[in-house]
Amino acid sequence: MPETFPVVFQVTTEEAGGRLDQFLVTKIPDVSRARVQQLIEQELVVVDDAGAKASLRLREGQQVKLLGHARVEPLRAIPEDIPLDLVYEDDDLAIVNKPAGMMVHAGAAPTDDERNRGTLVNALLHRFGRLSGVGGEVRPGIVHRLDKETSGLIVVAKNDETHRNLAAQFSARKVKKTYIALVHGWVKAERGTINSSIRRDRVRRTRMTTRGSGGREAITHYLVRKRIESDFGGFTLLELKIETGRTHQIRVHLSSLGHPVVGDVLYGAAREIKSHADRAKGRAADKSDPSISLGRNFLHAAALELRHPRTGEQLSFARGLPQELEAFLERVEGRS
């Protein structure tokens, strides 16, 4: 963020028609879209000296003025009575099957409630009362994470000794994680490894990218479970194992192959998938074509293997696809 204010930006011909929040993300270094939306909500952004909404479409020649820093309340963990799908629990750890739509811990969001409420950490604090403190006050018990719109298995540490042991297992790549994903298009090879470093996108700060230098090592292995030809196009059901745990790793890697995860609009997937059936007969697409959509990413952490920090016993856990993903797969395959 700039140190001195106000900061004035002029909308060019090329930038005209874009949203105000997207415009500012490209103009302000190292700022997320959520932080930009906070600036707009707190009336710290004006367009031609008038207040504006984040969704405002800009016109050529308009003047966008940034007036100051956003006032950000500190993140916090708040015990909340939220149902949990508890797969396993003992005195040292718990395995939870996280639903899509739930953040693991408090983080970036436009409003205070969205930043702090409804998280997995909040549900865990209500259920267990006390968790490991190694991760800090905002992330008690959290050894690894899943993206908000990714479902599946996550391990939670109840005490500091367990946390440090699990963290060491992750660092040594001894924890085995298996994911299931449905992607657009037919992946050609039956199996393969994606070994492309990942860094934050310098333009779109909410995204990660495999392009450019300076990224961190990231390794993803994939196996084709099924190729699907449907009225809605081609899809591939994949089983994936990761050696590293970079932010958005699987999503970024699959998008880099030209096969984005279904539902993952951030990395190039269509928000709405139109039927191809009539187009295959030579008729042009129109708004009346049947369509399907998925309000989350088709990515599920299906299996988790680790060694128990206290006993040394090898533990293995698995959970199948949640109902909404099974239903979507049935629709794509024409089984419903």
Side-chain angles (χ1 to χ4, degrees), residues 82-85 87 96-104 118 120 145-154 177-191 194 206-207 220-242 248-280 285-304 317-336:
I82 303 170
L84 283 173
D85 181 2
V87 177
V96 178
N97 186 24
K98 185 189 85 69
M102 173 184 274
M103 291 196 300
V104 171
L120 176 63
R145 289 176 288 183
L146 293 174
D147 294 337
K148 179 180 179 181
E149 297 302 340
T150 298
S151 56
L153 300 177
I154 185 168
K177 295 179 286 184
T178 303
Y179 294 77
I180 301 298
L182 184 71
V183 301
H184 287 276
W186 283 6
V187 177
K188 291 181 181 179
E190 290 298 321
R191 63 178 65 231
I194 309 168
T206 56
R207 286 169 47 109
T220 303
H221 306 286
Y222 66 85
L223 172 69
V224 172
R225 275 193 170 189
K226 185 187 297 184
R227 294 185 180 88
I228 302 165
E229 181 61 50
S230 78
D231 288 347
F232 299 96
F235 302 89
T236 306
L237 191 67
L238 295 173
E239 178 181 304
L240 304 115
K241 297 180 185 293
I242 58 175
H248 300 177
Q249 177 173 320
I250 291 174
R251 299 161 59 193
V252 178
H253 271 171
L254 292 175
S255 179
S256 74
L257 295 183
H259 297 289
V261 173
V262 170
D264 194 0
V265 178
L266 184 63
Y267 289 102
R271 193 176 300 277
E272 185 179 35
I273 308 170
K274 291 283 190 179
S275 172
H276 293 183
D278 287 337
R279 274 174 275 174
D286 63 40
K287 293 182 179 180
S288 66
D289 286 341
S291 66
I292 54 173
S293 61
L294 184 64
R296 54 159 296 185
N297 302 332
F298 200 120
L299 181 60
H300 177 69
L304 181 65
F317 306 95
R319 277 294 182 272
L321 293 175
Q323 187 274 332
E324 71 271 14
L325 296 189
E326 283 284 9
F328 186 87
L329 193 58
E330 287 179 5
R331 180 80 189 277
V332 164
E333 293 182 317
R335 292 186 281 126
S336 66

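Atom set for the values below is all heavy atoms of this structure, side chains included, hydrogens, waters and symmetry mates excluded.
The heavy-atom pair separating Arg331 from Ser291 by the smallest distance is NH2-O, 4.1 Å. Nearest heavy atoms, Phe232 versus Pro290: CE2-O, 3.9 Å. Of all heavy-atom pairs between Ala302 and Ile180, the closest is CB-CG1, 3.9 Å. Of all heavy-atom pairs spanning His300 and Pro322, the tightest one is ND1-CD, 3.6 Å.
None of Leu223, Val183, Leu254, Thr178 except one satisfies the side-chain contact (heavy atoms from CB on, under 4.5 Å) rule with Leu240; the exception is Leu254.
Taken to the nearest 0.5 Å, the CG atom of Asp264 stands 8.5 Å off from the CG atom of Leu299. Going from atom NZ of Lys148 over to atom CE of Met102 covers 11.0 Å, rounded to the nearest 0.5 Å. The structure places CZ of Phe328 at 3.5 Å from CD1 of Ile292, a figure rounded to the nearest 0.5 Å. Residue Ser293 holds its OG atom at 8.0 Å from CD1 of Ile273, rounded to the nearest 0.5 Å. Here the NE2-CG distance, from His248 to Asn297, works out to 9.0 Å after rounding to the nearest 0.5 Å. To the nearest 0.5 Å, atom NZ of residue Lys98 and atom CZ of residue Arg145 are 12.0 Å apart.
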Discussion item. Using side-chain contact (heavy atoms from CB on, under 4.5 Å), reason through Tyr179 and Leu146 one step at a time and then give a plain yes or no.
Written reply: CA-CA 11 Å; Tyr179 294 77; Leu146 293 174; 3.7 Å; yes

Item to complete: Evaluate side-chain contact (heavy atoms from CB on, under 4.5 Å) for Arg191 paired with Val224, printing each intermediate quantity in order.
Response: CA-CA 6 Å; Arg191 63 178 65 231; Val224 172; over 6 Å; no

Item to complete: Go through the steps to decide whether Leu325 and Arg296 satisfy the test side-chain contact (heavy atoms from CB on, under 4.5 Å), and finish with yes or no.
Response: CA-CA 9 Å; Leu325 296 189; Arg296 54 159 296 185; 3.6 Å; yes

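Residues Arg251 and Thr150 have side chains that never bring a donor and an acceptor to within less than 3.5 angstrom of each other.
Leu84 is listed as a side-chain neighbour of Leu120, based on a closest heavy-atom distance under 4.5 Å. Put simply, the side chain of Val261 does not reach to within 4.5 Å of the side chain of Tyr267, judged on heavy atoms. At a threshold of 4.5 Å between non-hydrogen side-chain atoms, the residues Phe298 and Leu237 count as touching. For the pair Leu294 and Leu182, the minimum side-chain heavy-atom distance is 4.5 Å or more. Between Thr236 and Lys226 the shortest side-chain heavy-atom distance does not fall below 4.5 Å. Looking at heavy atoms from C-beta onward, Val87 lies in side-chain contact with Arg319 at the 4.5 angstrom threshold.
For the pair Arg227 and Glu190, the salt-bridge criterion is met [side-chain N within less than 4.0 Å of a carboxylate O].
Between His184 and Phe235, the ring planes are tilted. Angles from 30° to 60° get that label.
Between the side chain of Ser255 and the backbone N or O of Val252 there is no donor-acceptor pair closer than 3.5 Å.
Applying the side-chain hydrogen bond (donor to acceptor under 3.5 Å, both in side chains) test to Thr206 and every residue at least two apart in sequence or in another chain returns nothing.
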